[in-house]
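In this text, all values refer to a predicted model and were calculated from it rather than measured experimentally. Excluded from the calculations below are hydrogen atoms, water molecules and symmetry mates; all remaining heavy atoms, backbone and side chain alike, are included.
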Amino acid sequence: MLLMLNIVVWLFFPPYIIPGVLSAISIVIYGFVFNFFRCPRRHYKGVHKDMVISSVDGKVVCVERVKEPEYIKGEAIQVSVFMSPLNVHANWYPVDGTVDYVKHHRGRFLSAYLPKASTQNERSTIGIICDNGQKITVRQVAGAMARRIVTYARRGHQATIDKHLGFIKFGSRVDIYLPLDAEVLLEPGMITRGGLTPLAKLKPAK
């Protein structure tokens, strides 16, 4: 579409001001879209056992003890990472394990930075049984700009840290709910890279 528009303008408008300005704007738009829809392959080179790795690129906005009634069905540690429109929006599995639960919820499109976005916004919930027996919840949350959540995970799928879990279009966030005895390695304000940044360390299930 941008290409066709530029061809028409260069053919029928006087050179070079209007066509030049349109071409410059088109390059910026194309660069933004290309950057946003990148889906890079990444490989965590550390030890996988008992590790939780960030699912997304972004900024940690929340680390707190909450109730997670959907999958863990009890108290958990919530770690939330906010993605700006400039971040890669591909989502990785945070642990090695087996997908045990997947459900999509319709909702609002509040700013993903707000705490209530976790329960009121459009979202998908993925429950994973880790290889060490612990259960965690991953929640993809749409934001004010995000209008579509793509979830590749299906119940019974094998989850591995190096594989993509899904994709969220435009500004959004991912919440990860951990067991209370997990050792969280990040604090609010820290920057993460999906598939690469250690987020927490789990203890084996009792």
Side-chain angles (χ1 to χ4, degrees), residues 1-2 28-44 48 51-62 68 70-71 78-114 117-128 130 136-178 186 190-200:
M1 180 178 172
L2 284 175
V28 171
I29 293 173
Y30 177 79
F32 173 78
V33 173
F34 179 80
N35 177 74
F36 178 83
F37 284 99
R38 286 181 299 149
C39 200
R41 293 187 177 277
R42 295 175 180 170
H43 300 283
Y44 179 66
H48 284 218
M51 292 302 299
V52 182
I53 307 302
S54 177
S55 287
V56 293
D57 291 8
K59 182 179 181 180
V60 179
V61 295
C62 169
E68 200 290 281
E70 187 172 358
Y71 179 66
Q78 176 184 338
V79 181
S80 301
V81 178
F82 173 79
M83 295 170 279
S84 79
L86 297 178
N87 289 127
V88 170
H89 274 54
N91 307 157
W92 283 262
Y93 285 106
V95 294
D96 293 342
T98 303
V99 178
D100 186 49
Y101 175 91
V102 180
K103 187 172 182 179
H104 182 81
H105 303 267
R106 295 190 179 276
R108 303 170 67 184
F109 295 97
L110 304 171
S111 171
Y113 215 93
L114 299 174
S118 296
T119 55
Q120 295 187 20
N121 278 21
E122 190 92 2
R123 60 199 182 277
S124 284
T125 302
I126 301 97
I128 302 173
C130 306
I136 72 164
T137 303
V138 182
R139 183 164 292 133
Q140 299 170 284
V141 183
M145 295 176 64
R147 297 290 162 172
R148 189 181 177 198
I149 296 173
V150 180
T151 305
Y152 309 143
R154 296 291 183 271
R155 188 176 181 184
H157 279 190
Q158 192 68 27
T160 63
I161 290 170
D162 294 333
K163 288 174 60 177
H164 288 123
L165 173 152
F167 197 98
I168 311 177
K169 297 183 177 181
F170 297 103
S172 43
R173 68 190 268 178
V174 166
D175 300 333
I176 297 179
Y177 297 85
L178 307 168
L186 298 177
M190 289 185 172
I191 303 300
T192 68
R193 293 192 69 201
L196 297 175
T197 304
L199 187 148

For the atom pair CD1 (Ile161) and CE (Met51), what is the distance rounded to the nearest 0.5 Å?
7.5 Å
Do the side chain of Thr192 and the main chain of Val56 share a donor and acceptor less than 3.5 angstrom apart?
yes
Please check this pair: side chain of Asp57 against backbone of Met83, looking for a donor-acceptor N/O pair closer than 3.5 Å.
no
Under the ring-ring contact (aromatic ring centres under 6.0 Å, His included) test, residues paired with His48 that sit two or more places apart:
Tyr44
Determine yes or no for a side-chain-to-main-chain donor-acceptor pair under 3.5 angstrom, with Arg42 supplying the side chain and Gly194 the backbone.
yes
Of all heavy-atom pairs between Pro94 and Ile136, which one has the smallest distance, and what is that distance?
CG-CD1, 3.7 Å
Are Lys163 and His157 packed together at the side-chain level, in the sense that at least one heavy-atom pair is separated by less than 4.5 angstrom?
no
Rounded at 0.5 Å granularity, tell me how far CZ in Arg123 sits from CD1 in Ile168.
12.5 Å
Could you give the distance from CG (Asn121) to NE2 (His105), rounded to the nearest 0.5 Å?
12.5 Å
Using only atom types and a distance under 3.5 Å, with no angle test, would you say the side chain of His43 pairs donor to acceptor with the backbone of Arg41?
no
When rounded to the nearest 0.5 angstrom, what distance separates CD1 in Ile126 from CG in Asn91?
8.0 Å
Between Gln140 and Thr151, do the side chains contain an N or O donor and an N or O acceptor separated by less than 3.5 Å?
yes
For the student: nearest non-hydrogen atoms of Gly58 and Asn87, plus distance:
CA-OD1, 3.8 Å
Side chain to side chain contact (heavy atoms under 4.5 Å, CB included) between Leu199 and Leu178, worked out
CA-CA 10 Å; Leu199 187 148; Leu178 307 168; 3.9 Å; yes
Gln158 side chain to Thr160 side chain, donor-acceptor N/O pair below 3.5 angstrom:
no
Nearest 0.5 Å please: distance from the OG1 atom of Thr197 over to the CD1 atom of Ile53.
8.0 Å
If you compare all heavy atoms of Ser172 against all heavy atoms of His89, which two are closest, and at what distance to 0.1 Å?
OG-CD2, 3.4 Å
If we ignore hydrogens and angles and just use 3.5 Å, is the side chain of Ser55 paired with the main-chain N or O of Tyr93 as donor and acceptor?
no
Restricting to side-chain contact (heavy atoms from CB on, under 4.5 Å), what partner residues turn up for Ile191, sequence neighbours left out?
Lys59
Which of Lys103, Glu70, His104 passes side-chain hydrogen bond (donor to acceptor under 3.5 Å, both in side chains) with Thr125? It is Glu70
Separation between CG (Asp100) and OH (Tyr71), nearest 0.5 Å, reads 3.5 Å
